[in-house]
Amino acid sequence: MTRQIPWWRHAAAALLALAMPLAALADEAAIRKNLPERLPNFPVIDEVSKTPIPGIFEVRIGAEVLYTDEQGNYLIQGHLFDTKTRTDLTEARITKLTQIDFAGLPLKDAILIRQGTGTRKLVVFGDPNCGYCKKLERDLLALKDVSIYTFLYPILGPDSTTKAKDIWCAKDPAKTWRDWMVDGVSPPKAMGKCDTAALDRNRSLGSKHRVNGTPAVVYEDGTRSPGAVGLDVLESRLSAAAKKS
(Lines give C-alpha, C1' and ligand atoms only; values in the text may rest on other atoms or scores of the structure.)
Protein backbone atom coordinates (compact mmCIF):
# COMPACT_ATOMS: atom_id res chain seq x y z
CA MET A 1 0.00 0.00 0.00
CA THR A 2 1.29 3.45 -0.97
CA ARG A 3 1.50 5.80 1.94
CA GLN A 4 -0.05 9.16 1.22
CA ILE A 5 1.81 12.30 2.30
CA PRO A 6 -0.41 14.64 4.33
CA TRP A 7 -1.56 17.73 2.44
CA TRP A 8 -0.07 20.05 5.03
CA ARG A 9 3.42 18.75 4.30
CA HIS A 10 3.01 19.69 0.63
CA ALA A 11 1.84 23.13 1.72
CA ALA A 12 4.78 23.52 4.12
CA ALA A 13 7.25 22.57 1.40
CA ALA A 14 5.67 25.08 -0.99
CA LEU A 15 5.83 27.84 1.62
CA LEU A 16 9.48 27.02 2.38
CA ALA A 17 10.38 27.16 -1.31
CA LEU A 18 8.66 30.55 -1.55
CA ALA A 19 10.29 31.85 1.62
CA MET A 20 13.84 31.09 0.45
CA PRO A 21 13.91 33.57 -2.48
CA LEU A 22 12.01 36.12 -0.38
CA ALA A 23 14.67 35.82 2.32
CA ALA A 24 17.40 36.29 -0.26
CA LEU A 25 15.64 39.42 -1.53
CA ALA A 26 15.39 40.74 2.02
CA ASP A 27 19.11 40.12 2.54
CA GLU A 28 19.95 41.91 -0.71
CA ALA A 29 17.78 44.87 0.28
CA ALA A 30 19.50 45.09 3.66
CA ILE A 31 22.96 44.96 2.05
CA ARG A 32 22.08 47.61 -0.53
CA LYS A 33 20.71 49.84 2.22
CA ASN A 34 23.27 49.38 4.98
CA LEU A 35 26.59 49.47 3.15
CA PRO A 36 26.09 52.93 1.54
CA GLU A 37 24.57 54.30 4.76
CA ARG A 38 27.47 53.15 6.93
CA LEU A 39 30.33 53.73 4.49
CA PRO A 40 30.37 57.27 3.04
CA ASN A 41 31.13 57.47 -0.70
CA PHE A 42 30.54 53.73 -1.11
CA PRO A 43 30.24 53.05 -4.88
CA VAL A 44 26.95 52.08 -6.48
CA ILE A 45 26.33 48.35 -6.06
CA ASP A 46 25.73 46.64 -9.39
CA GLU A 47 24.84 43.18 -8.13
CA VAL A 48 24.37 41.19 -4.93
CA SER A 49 24.50 37.40 -5.14
CA LYS A 50 24.95 34.38 -2.90
CA THR A 51 28.29 32.61 -2.48
CA PRO A 52 28.80 28.91 -1.64
CA ILE A 53 29.28 29.96 2.00
CA PRO A 54 25.95 30.24 3.88
CA GLY A 55 25.31 33.80 5.02
CA ILE A 56 28.07 35.32 2.86
CA PHE A 57 27.13 37.39 -0.19
CA GLU A 58 29.12 38.70 -3.13
CA VAL A 59 28.86 42.44 -3.73
CA ARG A 60 29.82 43.37 -7.28
CA ILE A 61 30.86 46.92 -8.14
CA GLY A 62 31.75 47.00 -11.81
CA ALA A 63 34.41 44.31 -12.15
CA GLU A 64 35.39 44.52 -8.48
CA VAL A 65 34.17 41.83 -6.09
CA LEU A 66 33.70 42.22 -2.32
CA TYR A 67 31.97 40.03 0.26
CA THR A 68 29.61 40.76 3.13
CA ASP A 69 27.17 39.11 5.54
CA GLU A 70 23.38 39.19 5.09
CA GLN A 71 23.02 42.51 6.92
CA GLY A 72 26.06 44.32 5.56
CA ASN A 73 27.58 44.44 9.04
CA TYR A 74 30.98 43.31 7.79
CA LEU A 75 32.87 43.86 4.54
CA ILE A 76 35.53 41.46 3.26
CA GLN A 77 38.08 42.38 0.61
CA GLY A 78 40.12 39.49 -0.72
CA HIS A 79 39.94 36.20 -2.59
CA LEU A 80 37.57 33.33 -1.86
CA PHE A 81 39.06 29.86 -2.39
CA ASP A 82 37.39 26.47 -2.73
CA THR A 83 39.83 24.24 -0.86
CA LYS A 84 38.29 21.02 -2.18
CA THR A 85 38.84 21.91 -5.82
CA ARG A 86 41.73 24.32 -5.14
CA THR A 87 39.92 26.95 -7.17
CA ASP A 88 40.23 30.69 -6.71
CA LEU A 89 36.53 31.53 -6.99
CA THR A 90 37.15 35.28 -6.91
CA GLU A 91 39.67 35.13 -9.75
CA ALA A 92 37.31 32.98 -11.82
CA ARG A 93 34.50 35.47 -11.23
CA ILE A 94 36.64 38.48 -12.17
CA THR A 95 37.84 36.70 -15.30
CA LYS A 96 34.24 36.17 -16.36
CA LEU A 97 33.27 39.76 -15.54
CA THR A 98 36.15 41.25 -17.53
CA GLN A 99 35.79 39.08 -20.62
CA ILE A 100 35.63 41.02 -23.87
CA ASP A 101 33.87 40.03 -27.09
CA PHE A 102 36.97 39.83 -29.27
CA ALA A 103 34.95 39.58 -32.48
CA GLY A 104 33.13 42.79 -31.56
CA LEU A 105 36.26 44.92 -31.11
CA PRO A 106 36.68 47.75 -33.67
CA LEU A 107 40.00 46.51 -35.02
CA LYS A 108 40.02 49.21 -37.70
CA ASP A 109 41.01 51.62 -34.91
CA ALA A 110 44.06 49.54 -34.01
CA ILE A 111 47.57 49.32 -35.44
CA LEU A 112 48.13 45.88 -36.98
CA ILE A 113 51.47 44.10 -36.84
CA ARG A 114 51.47 40.67 -38.47
CA GLN A 115 54.24 38.20 -37.62
CA GLY A 116 54.55 34.99 -39.65
CA THR A 117 51.19 33.65 -40.82
CA GLY A 118 49.30 35.86 -38.36
CA THR A 119 46.83 33.08 -37.64
CA ARG A 120 46.76 33.71 -33.88
CA LYS A 121 45.32 37.00 -32.71
CA LEU A 122 46.09 39.33 -29.85
CA VAL A 123 44.91 42.79 -28.80
CA VAL A 124 46.99 45.23 -26.77
CA PHE A 125 45.96 48.52 -25.19
CA GLY A 126 49.17 50.53 -25.00
CA ASP A 127 50.37 53.99 -24.02
CA PRO A 128 53.49 55.26 -25.88
CA ASN A 129 55.05 56.47 -22.60
CA CYS A 130 54.34 53.28 -20.64
CA GLY A 131 57.53 51.50 -19.59
CA TYR A 132 55.80 48.17 -19.08
CA CYS A 133 54.27 48.51 -22.56
CA LYS A 134 57.79 48.79 -23.97
CA LYS A 135 58.83 45.65 -22.12
CA LEU A 136 55.78 43.83 -23.47
CA GLU A 137 56.52 45.04 -26.99
CA ARG A 138 60.00 43.50 -26.83
CA ASP A 139 58.47 40.18 -25.74
CA LEU A 140 55.92 40.34 -28.53
CA LEU A 141 58.77 40.36 -31.06
CA ALA A 142 59.46 36.71 -30.21
CA LEU A 143 55.92 35.49 -30.91
CA LYS A 144 55.38 33.51 -34.09
CA ASP A 145 52.36 33.41 -36.40
CA VAL A 146 50.42 36.14 -34.61
CA SER A 147 48.45 39.23 -35.58
CA ILE A 148 48.90 41.94 -32.94
CA TYR A 149 46.27 44.69 -32.86
CA THR A 150 47.42 47.65 -30.76
CA PHE A 151 44.88 50.20 -29.62
CA LEU A 152 46.77 53.40 -28.89
CA TYR A 153 45.51 54.28 -25.42
CA PRO A 154 47.21 57.48 -24.23
CA ILE A 155 46.24 57.84 -20.56
CA LEU A 156 49.53 58.89 -18.94
CA GLY A 157 49.40 62.60 -19.77
CA PRO A 158 49.47 65.18 -22.58
CA ASP A 159 52.76 63.95 -24.05
CA SER A 160 51.26 60.48 -24.44
CA THR A 161 48.43 62.01 -26.46
CA THR A 162 50.89 63.93 -28.64
CA LYS A 163 53.02 60.85 -29.30
CA ALA A 164 49.93 58.74 -30.01
CA LYS A 165 48.79 61.26 -32.62
CA ASP A 166 52.25 61.34 -34.21
CA ILE A 167 52.35 57.55 -34.39
CA TRP A 168 48.78 57.20 -35.71
CA CYS A 169 49.39 59.85 -38.38
CA ALA A 170 52.74 58.46 -39.51
CA LYS A 171 53.15 57.02 -43.00
CA ASP A 172 53.72 53.58 -41.47
CA PRO A 173 52.09 53.56 -38.01
CA ALA A 174 53.11 49.95 -37.24
CA LYS A 175 56.81 50.57 -37.95
CA THR A 176 56.72 53.92 -36.16
CA TRP A 177 55.16 52.32 -33.08
CA ARG A 178 57.74 49.53 -32.97
CA ASP A 179 60.63 51.91 -33.66
CA TRP A 180 59.61 54.06 -30.70
CA MET A 181 58.64 51.31 -28.26
CA VAL A 182 61.55 48.96 -28.97
CA ASP A 183 64.38 51.18 -30.26
CA GLY A 184 63.49 54.57 -28.80
CA VAL A 185 63.27 56.31 -32.19
CA SER A 186 61.00 59.34 -31.71
CA PRO A 187 58.00 59.41 -34.05
CA PRO A 188 58.02 62.19 -36.66
CA LYS A 189 55.73 65.11 -35.86
CA ALA A 190 52.34 64.84 -37.51
CA MET A 191 52.06 67.24 -40.41
CA GLY A 192 48.97 68.42 -42.25
CA LYS A 193 45.50 67.04 -41.74
CA CYS A 194 45.09 63.70 -39.97
CA ASP A 195 41.94 62.11 -38.60
CA THR A 196 42.73 61.18 -34.98
CA ALA A 197 39.13 60.40 -33.97
CA ALA A 198 40.21 56.76 -33.50
CA LEU A 199 42.18 57.80 -30.41
CA ASP A 200 39.05 59.24 -28.83
CA ARG A 201 37.16 56.07 -29.71
CA ASN A 202 39.96 54.03 -28.15
CA ARG A 203 39.62 55.95 -24.90
CA SER A 204 35.89 55.29 -24.87
CA LEU A 205 36.48 51.62 -25.68
CA GLY A 206 38.98 51.24 -22.86
CA SER A 207 36.71 53.03 -20.42
CA LYS A 208 33.80 50.81 -21.42
CA HIS A 209 35.82 47.68 -20.69
CA ARG A 210 37.44 49.15 -17.57
CA VAL A 211 40.97 49.17 -18.93
CA ASN A 212 42.42 51.20 -16.07
CA GLY A 213 46.10 50.71 -16.86
CA THR A 214 48.50 49.79 -19.63
CA PRO A 215 49.45 47.44 -21.05
CA ALA A 216 46.29 45.36 -21.16
CA VAL A 217 46.33 42.22 -23.31
CA VAL A 218 43.16 40.65 -24.69
CA TYR A 219 43.12 37.12 -26.13
CA GLU A 220 40.81 35.63 -28.76
CA ASP A 221 38.69 33.86 -26.15
CA GLY A 222 37.87 37.20 -24.52
CA THR A 223 40.10 36.74 -21.48
CA ARG A 224 42.77 39.28 -20.70
CA SER A 225 45.97 39.92 -18.78
CA PRO A 226 46.74 43.19 -17.03
CA GLY A 227 50.35 44.33 -17.07
CA ALA A 228 53.43 43.15 -18.93
CA VAL A 229 53.10 39.37 -18.71
CA GLY A 230 56.11 37.28 -19.74
CA LEU A 231 56.62 35.47 -23.01
CA ASP A 232 55.78 32.07 -21.49
CA VAL A 233 52.42 33.38 -20.26
CA LEU A 234 51.67 34.97 -23.62
CA GLU A 235 52.39 31.71 -25.44
CA SER A 236 50.30 29.56 -23.11
CA ARG A 237 47.36 31.97 -23.13
CA LEU A 238 47.50 32.33 -26.92
CA SER A 239 47.48 28.55 -27.35
CA ALA A 240 44.61 28.11 -24.92
CA ALA A 241 42.58 30.85 -26.61
CA ALA A 242 43.22 29.37 -30.08
CA LYS A 243 41.90 25.96 -28.93
CA LYS A 244 38.72 27.55 -27.57
CA SER A 245 38.19 29.50 -30.79
Side-chain angles (χ1 to χ4, degrees), residues 63 88 91-92 94-156 160 163-188 198-199 201-203 205-245:
D88 185 336
E91 184 63 32
I94 292 173
T95 296
K96 184 176 181 180
L97 290 171
T98 57
Q99 276 193 325
I100 293 175
D101 178 13
F102 195 97
L105 288 171
L107 298 181
K108 62 180 177 57
D109 289 339
I111 294 172
L112 171 60
I113 296 176
R114 184 175 286 108
Q115 296 175 185
T117 62
T119 50
R120 302 186 296 176
K121 294 179 182 178
L122 193 69
V123 157
V124 177
F125 286 83
D127 184 297
N129 284 330
C130 163
Y132 287 109
C133 298
K134 293 176 181 179
K135 179 183 181 303
L136 174 66
E137 205 65 35
R138 289 191 289 272
D139 287 336
L140 292 176
L141 287 169
L143 292 177
K144 296 179 180 179
D145 301 328
V146 62
S147 293
I148 303 166
Y149 296 88
T150 299
F151 286 98
L152 294 176
Y153 195 55
I155 57 174
L156 296 180
S160 291
K163 280 192 172 68
K165 288 180 178 178
D166 292 339
I167 292 166
W168 183 252
C169 295
K171 184 177 180 180
D172 187 342
K175 183 178 184 302
T176 305
W177 169 256
R178 273 274 168 89
D179 286 348
W180 165 245
M181 299 299 282
V182 176
D183 300 319
V185 179
S186 296
L199 301 182
R201 292 194 293 269
N202 290 353
R203 288 192 188 93
L205 179 69
S207 178
K208 173 186 175 183
H209 291 296
R210 294 183 172 86
V211 178
N212 299 320
T214 55
V217 180
V218 184
Y219 306 93
E220 273 190 277
D221 61 358
T223 60
R224 64 191 195 183
S225 298
V229 295
L231 183 59
D232 290 345
V233 174
L234 286 170
E235 278 290 357
S236 62
R237 295 288 294 271
L238 272 170
S239 298
K243 289 178 182 177
K244 290 180 184 178
S245 300

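Excluded from the calculations below are hydrogen atoms, water molecules and symmetry mates; all remaining heavy atoms, backbone and side chain alike, are included.
Not counting sequence neighbours, Arg114 has no partner by the side chain to side chain donor-acceptor pair (under 3.5 Å) test. Among residues two or more places apart in sequence or in another chain, the side-chain contact (heavy atoms from CB on, under 4.5 Å) test is passed with Ala174 by Ile111, Ile113, Asp172. For Ser160, the side chain to side chain donor-acceptor pair (under 3.5 Å) partners two or more places apart in sequence, or in a different chain, are Asp127, Asn129. Residues that satisfy the salt bridge (Lys or Arg N to Asp or Glu O under 4.0 Å) test with Asp166, not counting sequence neighbours, are Lys189. Not a single side chain to side chain donor-acceptor pair (under 3.5 Å) links Lys134 to another residue, sequence neighbours left out. Legend: residues meeting salt bridge (Lys or Arg N to Asp or Glu O under 4.0 Å) with Arg178, ordered by chain and number and at least two apart, are Glu137. For the salt bridge (Lys or Arg N to Asp or Glu O under 4.0 Å) test, no residue two or more places apart in sequence or in another chain qualifies with Asp145. By the side chain to side chain donor-acceptor pair (under 3.5 Å) test, Lys96 pairs with no residue at all, sequence neighbours left out. Listed by chain and number, the residues in a salt bridge (Lys or Arg N to Asp or Glu O under 4.0 Å) with Asp179 are Lys175 (sequence neighbours excluded).
With rounding to the nearest 0.5 angstrom, the CG atom of Leu205 is 8.0 Å from the CG atom of Asp109. In this structure, CE on Met181 lies 8.5 Å from OG1 on Thr150, to the nearest 0.5 angstrom. Summarising the geometry, atom CG belonging to Leu136 is positioned 8.5 Å from atom SG belonging to Cys130; distances are rounded to the nearest 0.5 Å. Taking CH2 of Trp180 as the start and SG of Cys133 as the end, the distance is 12.0 Å to the nearest 0.5 Å.
Sorted by first and then second residue, the ring-ring contact (aromatic ring centres under 6.0 Å, His included) pairs with a member in residues 213-239 form an empty list; sequence neighbours excluded. Applying the ring-ring contact (aromatic ring centres under 6.0 Å, His included) test to every pair with at least one member in residues 116-137, sequence neighbours left out, gives these pairs: Phe125-Phe151, Phe125-Tyr153.
Side-chain contact between Ser239 and Arg120: present, with at least one pair of heavy atoms (C-beta onward) separated by less than 4.5 Å. Two residues are said to be in side-chain contact when any heavy atoms from C-beta on lie closer than 4.5 Å; Val218 and Tyr149 fail this criterion.
Thr95 places a side-chain N or O within 3.5 Å of a backbone atom of Glu91 that can act as its donor or acceptor partner. The backbone N or O of Ile148 sits nowhere less than 3.5 Å from a side-chain atom of Gln115 that would complete a donor-acceptor pair. The main-chain N or O of Leu199 is never found under 3.5 Å from a side-chain atom of Trp168 such that the two would form a donor-acceptor pair. Looking only at distances, no side-chain donor or acceptor of Asp183 sits under 3.5 Å from a matching main-chain atom of Val185.
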* Asked: So Glu235 and Lys144, salt bridge (Lys or Arg N to Asp or Glu O under 4.0 Å) or not? Walk me through it.
  -> CA-CA 9 Å; Glu235 278 290 357; Lys144 296 179 180 179; over 6 Å; no
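Across every non-hydrogen atom of Asp139 and Gly230, the tightest pair is OD2-CA, 4.2 Å. Between Gly213 and Ile155, the closest heavy-atom pair is CA-CD1, 4.2 Å. Across every non-hydrogen atom of Ala216 and Val211, the tightest pair is CB-CG1, 3.7 Å. In terms of heavy atoms, Ala63 sits closest to Ile94 at O-CG1, 3.9 Å.
Thr98 and Arg210 are not linked by any side-chain donor-acceptor pair at a separation below 3.5 angstrom, with hydrogens and angles left out of the test.
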Contacts under 3.5 angstrom, residues 99-108 side chains, donor-acceptor by atom type, not counting sequence neighbours:
from: Asp101; atom 1: OD1; to: Ala103; atom 2: N; distance (Å): 3.3

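In this structure, Lys163 places its NZ atom where more than 12 heavy-atom neighbours from other residues, nucleotides or ligands lie under 6.0 Å away.
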